[in-house]
Amino acid sequence: MQQQRTKPNPIDELRPRIRTRLEEATELLLCLDFDGTLAPIVDDPDEAAPTRAVSDALERLTDDPAVTTAIVSGRGLADVRERVDGPRIYAGNHGLELERGDSVAVHPIARKRAARVDAVCEALEIALDPVPNARVENKRLTATVHYRSVPEPARPQVERLTRETVSRFGGEGLELSTGKAILEIGPSIDWGKGNAVGMLVADRSDGTVPIYIGDDVTDESAFRTVQPRGVGVRVGDDTPTAASGRVRSPEQVASLLEWFATTGVEHVRDNPVASTTRTADSG
């Protein structure tokens with residue numbers, strides 16, 4: 001049963017709950033979206049980059065043996081891998097690509113339908129060429145149509161042309177979803193960020209506390225996956241969401257990561273069960 005969406009609480013109101021979870025934890029699994037979470041939203045997606053404060057806090061967390069960090073992004077795996085260095089795990093294309101250590105797993109159905117995504121992108125390049133500032137991003141397994149810089153009156157045209165093109169060239173094998181000034185095109189399969197995060201949670205010990213921080217519609221399934229065992233944190237306003245907490249911006253994400261890297265992780269280290277578990281793992 002899907003978790004009901006409600007208005008999320010400011011993160012400061014949730015700190016006692018998070019602190020209690022961490023005091024009982026053997027490990028922290030910290031899963032992070034990229035755009036709008038680690039990196040501010042920008043007009044040109046190619047210019048997106050994590051803030052300095054985010055990078056510093058993330059480096060501290062990644063180096064801590066009590067923490068496993070994972071980036072879970074709608075960007076292609078190679079793309080997001082270049083933009084943020086250090087985390088142990090990367091999930092690209094909304095979890096269709098998953099890199100753990102030296103292993104990269106790709107969803108088999110998505111791999112088979114990559115040719116359809118390519119055909120749709122080629123057709124969209126032609127169809128959207130007359131629309132100012134419309135951009136088609138081919139991510140191999142999925143694609144994104146960006147219209148943040150498209151004049152407001154032309155945006156309905158972008159959506160209409162995109163829907164028509166996906167229907168014509170993708171058939172029932174592809175589907176269209178919406179996000180923040182984007183249209184997402186991907187294989188019509190029951191798979192998303194929540195599934196990828198679920199695999200990561202299943203890989204960890206029962207005492208692991210999972211945290212997921214994200215800002216868009218595609219992050220909702222991940223919020224549902226980590227709760228109630230862990231905590232979902234939405235970046236943005238207090239629009240109803242499956243996440244229980246929220247921060248307003250990537251700047252506040254940086255502050256939250258810094259709290260995890262200092263105060264939060266100390267609670268995990270102080271748990272004698274956690275120390276025994278990590279000693280056994282290292283042996």
Side-chain angles (χ1 to χ4, degrees), residues 1-5 8 29-38 41 45 69-81 84 87 89-100 104-114 116-117 120 137-146 162-163 166 170 172-204 210-236 239-244 246:
M1 185 173 71
Q2 284 197 352
Q3 179 179 340
Q4 183 179 4
R5 295 190 183 190
L29 173 62
L30 188 58
C31 302
L32 304 157
D33 177 37
F34 182 74
D35 292 280
T37 299
L38 299 183
I41 296 292
T69 52
I71 305 299
V72 185
S73 175
R75 288 179 180 263
L77 181 61
D79 182 5
V80 74
R81 186 72 176 77
V84 53
I89 300 168
Y90 292 84
N93 271 305
H94 305 287
L96 294 174
E97 302 173 286
L98 185 59
E99 177 184 323
R100 290 177 284 186
V104 177
V106 179
H107 195 292
I109 296 177
R111 189 194 300 273
K112 290 179 180 178
R113 296 183 186 173
R116 295 195 194 190
V117 173
V120 166
E137 181 185 5
N138 187 343
K139 300 179 289 186
R140 195 171 66 89
L141 302 180
T142 69
T144 302
V145 174
H146 300 269
T162 301
R163 290 189 181 279
V166 172
E172 295 182 355
L174 299 182
E175 63 184 8
L176 189 67
S177 60
T178 60
K180 292 182 176 179
I182 58 173
L183 296 167
E184 296 278 7
I185 302 160
S188 52
I189 53 180
D190 187 16
W191 191 266
K193 291 182 176 182
N195 300 89
V197 171
M199 291 177 63
L200 302 184
V201 172
D203 280 348
R204 316 311 301 177
I211 304 291
Y212 187 90
I213 308 176
D215 78 309
D216 211 344
V217 176
T218 57
D219 298 303
E220 292 294 326
S221 64
F223 296 146
R224 290 191 291 269
T225 296
V226 300
Q227 296 177 154
R229 178 175 171 181
V231 177
V233 181
R234 183 178 183 275
V235 184
T239 299
T241 173
S244 54
R246 73 176 176 93

### Task
Verify whether one side chain among Gln227 and Ser244 offers a donor that lies under 3.5 Å from an acceptor in the other.
yes

Check: Are the charged groups of Glu97 and Arg111 less than 4.0 angstrom apart, N to O?
Finding: no

With a 3.5 Å distance limit and no angle check, can you tell me whether [X] reaches the backbone of [Y] through a side-chain donor-acceptor pair?
{"X": "Glu99", "Y": "Ala91", "answer": "no"}
{"X": "Ser188", "Y": "Glu175", "answer": "no"}
{"X": "Arg113", "Y": "Gly173", "answer": "yes"}
{"X": "Asp79", "Y": "Gly76", "answer": "no"}
{"X": "Glu220", "Y": "Thr241", "answer": "no"}
{"X": "Glu137", "Y": "Ala143", "answer": "no"}
{"X": "Trp191", "Y": "Gly95", "answer": "yes"}

In this structure, CG of Leu96 is separated from CG of Leu98 (nearest 0.5 Å) by 10.5 Å

Rounding to 0.5 Å, atoms CD1 (Ile71) and OH (Tyr90) come to a distance of 6.5 Å

(request) Test Asp219 against Lys193 for salt bridge (Lys or Arg N to Asp or Glu O under 4.0 Å), laying out the working first. (result) CA-CA 6 Å; Asp219 298 303; Lys193 291 182 176 182; 2.8 Å; yes

Between [X] and [Y], is any pair of side-chain heavy atoms under 4.5 Å apart?
{"X": "Ser177", "Y": "Ile185", "result": "no"}
{"X": "Val226", "Y": "Val197", "result": "yes"}
{"X": "Arg234", "Y": "Ile213", "result": "no"}
{"X": "Thr142", "Y": "Pro187", "result": "yes"}

Q: Give the intermediate values and the outcome of side chain to side chain contact (heavy atoms under 4.5 Å, CB included) for residues His107 and Asn93.
A: CA-CA 10 Å; His107 195 292; Asn93 271 305; over 6 Å; no

Please enumerate all residues that pass side-chain contact (heavy atoms from CB on, under 4.5 Å) together with [X], with sequence neighbours excluded.
{"X": "Arg116", "answer": "Leu174"}
{"X": "Thr178", "answer": "Arg163, Leu183"}
{"X": "Ala78", "answer": "none"}

Per salt bridge (Lys or Arg N to Asp or Glu O under 4.0 Å), Lys180 is matched among Asp35, Asp216, Asp215 by Asp215

Looking at every heavy atom in both [X] and [Y], which two are closest together, and how far apart are they?
{"X": "Gly74", "Y": "His94", "result": "CA-CE1, 3.4 Å"}
{"X": "Val80", "Y": "Ser73", "result": "CG2-CB, 3.9 Å"}
{"X": "Ser221", "Y": "Gly194", "result": "OG-N, 2.9 Å"}
{"X": "Val233", "Y": "Phe223", "result": "O-CE2, 3.4 Å"}
{"X": "Asp33", "Y": "Tyr212", "result": "CB-OH, 3.9 Å"}
{"X": "Leu200", "Y": "Cys31", "result": "CD1-SG, 4.3 Å"}

One pair to check against side chain to side chain contact (heavy atoms under 4.5 Å, CB included): Val145 and Glu184. What are the steps and the verdict? CA-CA 7 Å; Val145 174; Glu184 296 278 7; over 6 Å; no

Full working for side chain to side chain contact (heavy atoms under 4.5 Å, CB included) between Ile211 and Leu29:
CA-CA 6 Å; Ile211 304 291; Leu29 173 62; over 6 Å; no

